[in-house]
Structures are given as structure tokens and as C-alpha cells.
Trainee: 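Starting off with a structure, shown below.
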Amino acid sequence: MKSTHNHPYHLVDYSPWPLTGAIGTLILTTGLVKWFHKFNFNLLMLGYIVILLTMYQWWRDICREGTHQGKHTLLVSKGLRWGMILFIISEVFFFISFFCAFFHSSLSPNIEIGAMWPPMSITPFNPFQIPLLNTIILITSGITVTWAHHSLMENNFSQMSQSLLLTIILGIYFTILQAYEYIEAPFSISDSIYGSTFFMATGFHGLHVIIGTLFLLICLIRHKYNHFSMNHHFGFEAAAWYWHFVDVVWLFLYISIYWWGY
């Protein structure tokens, strides 16, 4: 008997990936404890492998459902959009916590750090060197990802590929420069509250840049396989939203931690 449905919702098929993802997360957190106490990261690596394999297969299934099986109807896409919006809002509050820690410690510095900001014996980065270059890189990447979005909406697939590739290259360039900055840093994460807030805020932002770059790289690969059309491309749109969020967070980081904190 042929089964039909008279509703626009996507009722997902049975999937093992939530279970394997949970098992991978359990192995990862247990491996972290083992690494901290026993200095052995074999279990940590196993957790990473399980999670990465789960991510690949779970997202592969989602791409199939949305691209080939037509299960991402307008109503489903609306739900996905709201999910991405709420996720980005949660990320905003995640970074607000770092900014609160930074301004709490910098606006009224304790006597233990010399009652001054930056603290005594801390040499901060010059904001008009690598940090300014990284700001220009991210602003430019925001322009190129917008160019890619408009090219896709106009069915210009060649310009979409070129601009998206350029965005990915700029993201990789940003990461390389930030890694170089960390290597050359005259202070570490253990150097008072300044080092802690600096590396926590910029480090987590750098992690978000890497995730966003991978997100865009996957979108480029999917674009090459014609997964996106001018009317159906939320996968790329979500990546573009995420990338703009990363850009805006960096502007706040640059103005407050690098420039004002200098």
C-alpha cells in the first residue's frame, strides 16, 4: 500500500546519527578528562573521529533530503531559518560574556594588576599592524560573500564560484595571520586577566572563523554539484549569515580589545 502525506512538514526518517553523536561526545569529554589527568589523548582522538564521521554522514543525509528528495518544503525551510537565527543569537550572548569579562576587568582594574590597563609588564599588540590587516581581510570577505549570494540569486554560477572561493581564501589568510600573531605574542593566556580575556575572546573568534571557512568550503563543493538554485539555497544562506556574524564580532573585538585596550 502506497503511503502518502497531506502535510508540508518533514517527518524525519529513522537515523542512527543522533545516537552515534551522543556516544562520540561522551567519548570526547571522557577523553578530555583522561588527557588532563593522564596526559594521554588516545580516547580524545577517538571521540573526535566518531564525532567527525557522524557529522559527515548526518549532514550528507540532510543534503540528500533537501536537494534530491525534496523534503525541505517552504514551511520546513522557514523552520530551518528560525533555527539558524536562534543559533546565531545564542552565539551573540556567548561572546557578550567575554566582552563583559573584558570590560569588568579593564574599566576598574584591581590593585593586583597595578590598577592600570593594560596591566603592568604587559605589552599589548599594536592595533595598526596585523590586527588592522585582519580587520580589512574580514570586511573584504563580507563583501565577497555578499557578492556570491547576489550572483547565486541572479543565476550567475561562475561568479558565485569565484567570489565564494575568494571568501574562503580570505578566511584561511585571516587564520594564518592570527596564528602568526599568537606565536609572536609577548604574553600568554596565564598572564593576568588581560591574557585570559584576550586569548579567550580572540581564540574563540578564531575557532568560529575556521568553522565558518569550512561551512563556506562545503557550500562551494555543494555548488559544484549543483545543489543550489536561485530559489532554493538556504544551506549557503545560513553560511553567509554565520560569516557576517563572525565579521561583526571581529569589529567589536578590534575596537574594544585591540584599539581601545591599547
Side-chain angles (χ1 to χ4, degrees), residues 55-56 59 62-63 66-67 72 77 80-92 94-95 125 127-182 201-259:
M55 287 163 59
Y56 169 76
W59 294 341
I62 292 171
C63 291
T67 307
H72 288 182
S77 294
L80 293 172
R81 287 172 189 276
W82 273 110
M84 192 66 192
I85 289 168
L86 292 172
F87 169 68
I88 290 175
I89 289 171
S90 73
E91 292 279 87
V92 168
F94 176 75
F95 278 99
F125 290 104
F128 302 108
Q129 292 179 352
I130 289 181
L132 180 60
L133 177 58
N134 268 345
T135 304
I136 295 168
I137 289 168
L138 274 193
I139 291 173
T140 307
S141 71
I143 295 169
T144 54
V145 80
T146 305
W147 171 25
H149 192 191
H150 282 274
S151 299
L152 182 57
M153 289 191 294
E154 293 172 2
N155 253 348
N156 192 332
F157 276 30
S158 62
Q159 281 200 19
M160 161 70 175
S161 300
Q162 294 163 12
S163 51
L164 191 52
L165 178 61
L166 188 55
T167 308
I168 293 164
I169 291 169
L170 289 169
I172 294 169
Y173 187 29
F174 176 94
T175 303
I176 291 169
L177 284 175
Q178 190 171 33
Y180 174 75
E181 185 180 68
Y182 279 11
T202 60
F204 268 110
H205 176 268
L207 177 64
H208 282 69
V209 170
I210 293 170
I211 293 169
T213 305
L214 291 173
F215 202 170
L216 291 170
L217 178 61
I218 291 167
C219 286
L220 180 62
I221 295 168
R222 291 188 64 195
H223 174 65
K224 293 294 184 183
Y225 283 99
N226 296 315
H227 284 196
F228 300 131
S229 68
M230 62 187 298
N231 299 317
H232 190 82
H233 55 262
F234 177 70
F236 168 70
E237 204 170 348
W241 289 356
Y242 188 82
W243 195 253
H244 287 307
F245 157 74
V246 168
D247 286 353
V248 172
V249 169
W250 175 258
L251 288 175
F252 281 101
L253 281 173
Y254 176 73
I255 291 168
S256 58
I257 294 179
Y258 282 101
W259 189 13

Trainee: Suppose we call two aromatic rings close when their centres sit under 6.0 Å apart. Are Phe174 and His205 close by that rule?
Mentor: yes
Trainee: So does Asn134 get a backbone contact from the side chain of Tyr254, meaning a donor-acceptor N/O pair under 3.5 Å?
Mentor: no
Trainee: Is any side-chain heavy atom of Ile62 closer than 4.5 Å to one of His72?
Mentor: yes
Trainee: When you look at OH of Tyr56, are more than 12 heavy atoms from neighbouring residues, nucleotides or ligands closer to it than 6.0 Å?
Mentor: no
Trainee: Do the side chains of Ser141 and Tyr173 get nearer than 4.5 Å, heavy atoms only?
Mentor: no
Trainee: Can you measure from CG (Leu164) to CD (Gln162) and round to the nearest 0.5 angstrom?
Mentor: 11.0 Å
Trainee: State, with a plain yes or no, whether a side-chain heavy atom of Glu237 is found less than 4.5 Å away from one of Leu152.
Mentor: no
Trainee: Run through Trp241, Phe236, Tyr242 and flag the one making a side chain to side chain contact (heavy atoms under 4.5 Å, CB included) with Val145.
Mentor: Phe236
Trainee: Report the C-alpha separation of Ile168 and Ile172 in whole Å, then their side-chain angles, then the decisive distance to 0.1 Å, and conclude whether the side-chain contact (heavy atoms from CB on, under 4.5 Å) test is met.
Mentor: CA-CA 6 Å; Ile168 293 164; Ile172 294 169; 4.0 Å; yes
Trainee: Mind checking the CH2-CG spacing from Trp147 to Asn156? Nearest 0.5 Å is all I need.
Mentor: 9.0 Å
Trainee: Short question: side chain of Gln159, backbone of His150 - any donor-acceptor pair under 3.5 Å?
Mentor: no
Trainee: Once you round to the nearest 0.5 Å, how far does CE of Met160 lie from CE of Met153?
Mentor: 10.5 Å
Trainee: For Leu253 and Ala201, which heavy atoms make the closest approach, and how far apart are they?
Mentor: CD2-CB, 3.6 Å
Trainee: May I ask you to check whether His149 and His233 place their ring centers less than 6.0 Å from one another?
Mentor: yes
Trainee: More than 12 heavy atoms of other residues, nucleotides or ligands under 6.0 Å from OH of Tyr180: yes or no?
Mentor: no
Trainee: If you compare all heavy atoms of Ile255 against all heavy atoms of Trp259, which two are closest, and at what distance to 0.1 Å?
Mentor: O-CB, 3.5 Å
Trainee: Gln129 and Glu181: side-chain contact (heavy atoms from CB on, under 4.5 Å), yes or no, with the steps?
Mentor: CA-CA 10 Å; Gln129 292 179 352; Glu181 185 180 68; over 6 Å; no
Trainee: Atom CG of Leu207 and atom CD1 of Ile211: how far apart are they, to the nearest 0.5 Å?
Mentor: 4.0 Å
Trainee: Please check if the number of heavy atoms outside Phe157 that lie under 6.0 Å from its CZ is greater than 12.
Mentor: yes
Trainee: Starting at CD1 of Ile143, measure out to CG of Leu170 and round the result to the nearest 0.5 Å.
Mentor: 10.0 Å
Trainee: Among Phe245, Trp243, Phe95, Tyr258, which residue satisfies the ring pair (Phe, Tyr, Trp, His ring centres under 6.0 Å) criterion with Trp250?
Mentor: Tyr258
Trainee: Could you go through the side-chain contact (heavy atoms from CB on, under 4.5 Å) check for Thr67 and Arg222 one step at a time?
Mentor: CA-CA 10 Å; Thr67 307; Arg222 291 188 64 195; 3.1 Å; yes
Trainee: Rounded to the nearest 0.5 Å, how far does CD1 of Ile137 lie from CG of Leu177?
Mentor: 5.0 Å
Trainee: Would you name the heavy atoms of Cys219 and Gly235 that are closest together and state the gap between them?
Mentor: SG-O, 3.7 Å
Trainee: Take a 6.0 Å sphere around CZ of Phe234 and say whether it holds more than 12 heavy atoms from other residues, nucleotides or ligands.
Mentor: yes
Trainee: Assess the residue pair Thr135 and Leu251 against the criterion (side-chain contact (heavy atoms from CB on, under 4.5 Å)); give the C-alpha distance rounded to whole Å, side-chain angles, the decisive distance to 0.1 Å, and a yes or no.
Mentor: CA-CA 7 Å; Thr135 304; Leu251 288 175; 3.8 Å; yes
Trainee: So which atom in Ala239 and which in Leu216 form the shortest heavy-atom distance, rounded to 0.1 Å?
Mentor: CB-CD2, 3.8 Å
Trainee: Relative to each other, are the rings of His208 and Phe204 parallel, tilted or perpendicular (30° and 60° limits)?
Mentor: perpendicular
